[in-house]
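Computed from a predicted structure; not experimentally measured. Labels below follow one simple rule: chain letters A, B, ... track the order of the sequence lines, proteins then strands, and each chain is numbered from 1.
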Amino acid sequence: MEQHYNPQSLEQGAQKYWLANNSFAVQPDDSREKFYCLAMFPYPSGQLHMGHVRNYTIADVIARYQRMLGKAVLQPMGWDAFGLPAENAAIKHNVPPAQWTAENIEYMREQFRLLGFAYDWDRELATCHPQYYRWEQWFFIRLFEKGLAYKKKAEVNWCETDQTVLANEQVVDGCCWRCDNPVERREIDQWFIRITEYADQLLSDLDQLDQWPERVRTMQRNWIGRSEGIDLDFTLADSSALSVYTTRPDTLMGVTYLAIAPQHRVAKAAASNNPALAAFVESQTSIKLAEADMATMDKVGMDTGVTATHPLTGKEIPVWVANFVLMSYGSGAVMSVPGHDQRDWEFATKYQLPIAQVIAPVENEDCNLDQAAFTDKGILVNSGDYNGLGFEQAFDAISDRLEREGRGRRSINFRLRDWGVSRQRYWGAPIPIINCDTCGAVPVPDQELPVVLPTDVKFEGVGSPIKKMPEFYQTTCPKCGGEATRETDTFDTFVESSWYYARYACTRNSNAMLDQEANYWAPVDQYVGGIEHAILHLLYARFFHKLMRDEGLVDSDEPFKRLLTQGMVLKDGAKMSKSKGNTVDPQSLINTYGADTVRLFSMFAAPPEQSLEWSDSGVEGANRFLRRLWKLVVNHVAHGSAPALSVPDLSNNQRAVRRKTHETIAKVSDDFSRRQTFNTAIAATMELCNDLGKLGTDAQDRAIMAEALRAVVLMLNPVVPHICHRMWQLLTGESDILTASWPIVDESALTRDTLEIVVQVNGKVRARITVPTDADKDAIQSLALEQENVKRFLEGVTVRKTIVVPGKLVNIVAN
RNA sequence: GCCAGUGUGGUGAAAUUGGUAGACACGCCGGAUUCAAAAUCCGGUUCCUUCACGGGAGUGUCGGUUCGAGUCCGACCACUGGUACCA
């Protein structure tokens, strides 16, 4: 028997065993409950980092735990293999993205193996493989046929010097990250998917997701941003309508100007004979597309000279161009009520536009329009016929009138915008469309799929190579047979990550996107990933699932039943990054301490939802614990098999250790399943081990030790599976802990005769008393009052009240 | 800017339903072992005060509710994530 804990040989042995027995391959099995456990697949950036280790360890712990509960557990792994970093690496190191990606996958797969994750590798997929993205292309064509995919003009960040589109992260301080020249906005044709068509469902189905963190549901709810309001028309001089959307028609009488986006047709028209305005409009094209930049930039505007007629008063009000009005939201125009909207108030103050009060506070709230807008709902004033109405009444009265007069329509609006899926990049799945001068956008026929992305490419400069490859884009129109060009844009990588979870169920099916096995495993029972994906990825995947449902591919409404969002891994309080030089390489830690130590520390150092502060000495502590545990097991086994447990013969001390064992099983079970706080589960197990060290060597001590050690090994197995694989063999003689079940609490071991409770005087602890478990309130109270220190604090005061909380405390209120 | 979250000893954290603040670890201090060191084992460790028993203060800040608040409410401060082309 191995006297010393030797992680290298022990982990190798366990991994060989799992490989030889194909331990983690799984097939549908109607005799057991299914459990689909999934961690968000990684981008193959080169090496695993600590964030990966944490993410995948959490999922692996859950998968292994669920398996011990007797379920058929699917835990697959794959690669989110398309994306920008491969192109950057290609430019920097002159290596084609396909090769770079494939090499990274090879290396990272080996790292996964060394960490001992229980993956069914038979189902591995990579999104850059044509067998994967072919089905995405096929599905996109279904969406196109249903009118759910469409083309429209939309803006991008454009670098004139590099002649390329820039991602938001490639724009630094308004300039291109490579050549440092200012970016400009440019409108180009792009493909969109109508997520707005599903906005209502995406919102209401959030209520089904009761096993998602509330904060993620809240963020998605706010992102979708449903609001009820009214579209209403102001009339321009040429009698055309200038339409705006507002959720506050009750403030309509307080509109003192209109604000329109610089790209609005009215602005463009007015600028054509106004050079100053034209210059202003032009100057606004240099702002980066990102919402954060839009919202924090200086709010500037200019009078267009155009006026519009107010739909109720008939008054003429000025129309201003304002840089904070977005052409892509609503109609690109807003009505401005500076008295009751803070942004309008600031703009009006800056440009000395009139501010009118039309809402008065209901209670005595502050309302001083010289200082700030009054944005709460209230009672209408200065509003003619509508004076005295509250928000709801005014909303209805004004909306009714506008609808009656044909100047407005009640409408439900969403903040959510349609999903732009076009990328002017090389390393992505080609959009399966052929552009024909005669027939327009024509889908590639199904039998010609996949449209394969050429991988033998040279990166010259920064643009996409396929845009310069006639052999790729020159083709004929499937409809008319004439000359045509292939779409050279590729899909947003969020498209691939929106359905991979379903494809794992049937990775190798070359006849269909999904099959019945996908329906067997879906939905994912437990999804694990970073909180940074709370909105985009998780919303797109939910949307895609509904699209697939409506195509008849899956039966369920939602893809992920339960969600765990893990926090980041920090070092010295900051996110690990190469530029900060504070990275920790998991590989060298595995080499030094073994995978179990790395896994144990990752799970012990913080609860999964919180950020985790990396600590080298903490890792040593985790390793120390494993060595101590190993010694405990080895020493126990060295003394031969333990005698049978005889509960009636136990001493009080032995009974206490046994109670601790079963209390720990209860706590760890709850921590693993309901709470998902693995750190406290591990702490409880450590506590139990500390107590076990105090057991003697007589027969019943050894019997209790045997029972406890088996429980400890079973409970730690999901976290540190290698060492537990071996310790289980030593303790039981059985070869495979994977076939063992989760330990069961013996309720009879939990009983106790006495309890310690605290005695407080005015909320401060003054004594501790030990009382029988079944003591009644009066007995507890009188015992509490007898305590010397309690008496001291009751001298000279009168007891007003006594609160007895059974099993916890007594609080004597006195003054 | 907006949306969401976090803030507790020297450090990572625990306190699950409003009921003993600091479990479990790290670090540090003291001791055992050792020729010596490493490793290991034992003990101590929120701060202030006290020979000691004990006492006082304490969970980002300020205020509130309650017999009782880390936990609930209000305001504020700092940091983190997202903000639609990073994934």
Side-chain angles (χ1 to χ4, degrees), chain A residues 40 42-43 45 80 82-85 88 156-157 165-171 195 213-216 218-223 225 289-297 299 324 328 343 415-425 492-494 497 530-537 539-540 565 567-568 570 573-575 601 604-607 609-622 624-625 627-628 631 667 670-671 674-675 677 679-680 682-687 690 693 756-760 762-765 768 789 792 800-803 805 807-809 811-814:
Chain A
M40 291 179 186
Y43 180 81
S45 54
D80 187 14
F82 276 137
L84 215 42
N88 294 334
V156 292
N157 298 310
V165 174
L166 297 175
N168 281 333
E169 72 158 8
Q170 297 175 317
V171 181
I195 192 171
E214 191 53 52
R215 60 166 158 161
V216 175
T218 305
M219 281 191 270
Q220 291 214 349
R221 213 169 270 132
N222 293 337
W223 182 263
L289 226 50
E291 192 200 48
D293 291 78
M294 296 290 294
T296 51
M297 70 192 171
K299 313 260 183 305
F324 57 83
S328 50
R343 190 176 62 182
R415 205 188 77 94
L416 182 69
R417 309 193 302 253
D418 272 342
W419 178 13
V421 295
S422 295
R423 296 293 179 269
Q424 297 69 39
R425 312 199 182 287
D492 175 9
T493 56
F494 277 125
S497 56
I531 185 66
E532 66 272 21
H533 296 291
I535 295 175
L536 293 181
H537 163 61
L539 190 66
Y540 290 140
T565 49
M568 291 182 311
L570 309 176
K575 194 173 175 170
F601 177 74
F604 176 64
E609 308 241 50
Q610 254 177 57
S611 60
L612 181 156
E613 175 68 31
W614 194 261
S615 153
D616 291 335
S617 51
V619 176
E620 282 188 45
R624 195 148 46 213
F625 171 72
R627 287 202 306 262
R628 265 202 306 268
K631 204 151 84 183
K667 168 153 182 65
D670 188 43
D671 282 354
R674 182 182 62 88
R675 299 209 318 148
T677 51
N679 57 326
T680 52
I682 294 165
T685 312
M686 286 175 168
E687 237 181 287
N690 290 343
E756 191 187 69
I757 66 175
V758 302
V759 183
Q760 298 181 333
N762 290 327
K764 291 192 172 160
V765 178
R768 287 158 207 279
N789 205 38
R792 246 180 79 192
R800 302 290 175 193
K801 194 172 173 184
T802 306
I803 289 136
V805 182
K808 298 261 180 183
L809 58 72
N811 188 13
I812 301 161
V813 185

Considering only atom C1', compute the distance from B/rA4 to B/rU17 and round it to an integer number of Å. 25 Å
For a quick check of understanding: with a heavy-atom distance under 4.0 Å over all strands, which category does A/I803 fall into, base, sugar-phosphate or nothing? base
Using a 4.0 Å heavy-atom cut-off, does A/L570 contact any base of the nucleic acid, only the sugar-phosphate backbone, or nothing at all? nothing
For the P atoms, the ones on B/rC3 and on B/rC76, what distance do you get once it is rounded to whole angstrom? 12 Å
Just call it for A/R215: base, sugar-phosphate, or nothing, with non-hydrogen atoms closer than 4.0 Å on any strand. sugar-phosphate
If anything within 90° of 0 is syn and all else is anti, what is B/rG9? syn
With a non-hydrogen cut-off below 4.0 angstrom, is A/P42 in contact with a base, only sugar-phosphate, or nothing? nothing
So what does A/Q424 hit on the nucleic acid, given a heavy-atom distance under 4.0 Å: a base, only sugar-phosphate, or nothing? base
Checking all strands, does A/V216 fall into the base, sugar-phosphate, or nothing category for heavy-atom contacts under 4.0 angstrom? nothing
For RNA chain B, what is the dot-bracket line, given that a base pair needs Watson-Crick (N1 to N3, plus N6-O4 or O6-N4) or G-U wobble (N1-O2 and O6-N3) geometry with both distances under 3.5 Å, and | means paired with another strand? (((((((..(((......[....)))((((((.......))))))((((....))))..(((((..]....))))))))))))....
Anything under 4.0 Å to a heavy atom of chain A counts; send over the first and last such nucleotide of RNA chain B, read 5' to 3'. B/rG1 to B/rA87
What does A/N762 touch in the nucleic acid at a heavy-atom separation under 4.0 angstrom: a base, only the sugar-phosphate, or nothing? nothing
Contact class for A/E532 (heavy atom, under 4.0 Å): base, sugar-phosphate, or nothing? base
Quick one: ring pair (Phe, Tyr, Trp, His ring centres under 6.0 Å) partners of A/Y540, sequence neighbours excluded? A/W419, A/F494
Apply salt bridge (charged side-chain N to carboxylate O under 4.0 Å, His left out) to A/K299 and list each qualifying residue two or more places apart in sequence or on a separate chain. none
Run the ring pair (Phe, Tyr, Trp, His ring centres under 6.0 Å) test against A/F604 and tell me which residues pass, sequence neighbours left out. none
Touch check for A/N811, heavy atoms < 4.0 angstrom, all strands: base, sugar-phosphate only, or nothing? base
When rounded to the nearest Å, what value does the distance between P atoms of B/rU46 and B/rA21 take? 14 Å
Using the rule given for side chain to side chain contact (heavy atoms under 4.5 Å, CB included), can you reason through A/T802 versus A/V813, listing the C-alpha separation, both sets of side-chain angles and the distance that settles it, and then say yes or no? CA-CA 6 Å; A/T802 306; A/V813 185; over 6 Å; no
What contact category does A/A534 fall into here, base, sugar-phosphate, or nothing, at under 4.0 angstrom with non-hydrogen atoms? nothing
Say you pick atom C1' in B/rC77 and the same atom in B/rG27; how far apart are they, in whole Å? 30 Å
Going by the rule side chain to side chain donor-acceptor pair (under 3.5 Å), which residues pair with A/S422 if we only count those two or more places apart in sequence or in a different chain? none
Which heavy-atom pair separates A/D418 from A/I195 by the least distance, and what is that distance? OD1-N, 3.1 Å
Regarding A/E214 and A/R221, does a basic nitrogen lie under 4.0 Å from an acidic carboxylate oxygen? yes
For A/R675 and for A/N222, find the nucleotide of RNA chain B with the closest heavy atom, then tell me which residue's nucleotide is more 5'. A/N222
With sugar-phosphate meaning primed atoms plus P, OP1 and OP2, does A/H537 contact a base, only sugar-phosphate, or nothing at under 4.0 Å between heavy atoms? nothing
Would you measure the distance from the P atom in B/rA13 across to the matching atom in B/rG7 and give it in whole Å? 9 Å
Side chain proximity check, A/V759 to A/L809, heavy atoms < 4.5 angstrom: no
Please classify the nucleic acid contact of A/V813 as base, sugar-phosphate, or nothing, using heavy-atom distances under 4.0 Å. sugar-phosphate
Which part of the nucleic acid does A/W223 contact within heavy-atom distance under 4.0 Å: base, sugar-phosphate only, or nothing? base
Whole-Å P distance, B/rU59 and B/rU8: 11 Å
Mapping A/A605 and A/E756 to their closest nucleotides on RNA chain B, which lands nearer the 5' end? A/A605
Below 4.0 angstrom, N of the basic side chain to O of the carboxylate: do A/R417 and A/E291 qualify? no
Whole-angstrom distance between B/rG9 and B/rC29, as gauged at atom C1': 16 Å
Any base atoms under 4.0 Å from A/M40, or only sugar-phosphate, or nothing? Heavy atoms, all strands. nothing
Do A/D671 and A/T680 pair up side chain to side chain, a donor and an acceptor below 3.5 Å, judged on atom types alone? yes
Could you measure between the two P atoms, the one in B/rG12 and the one in B/rC28, and give it in whole Å? 16 Å
Please give me the minimum heavy-atom distance between A/Q220 and A/A534, naming the atom from each residue. NE2-O, 3.0 Å
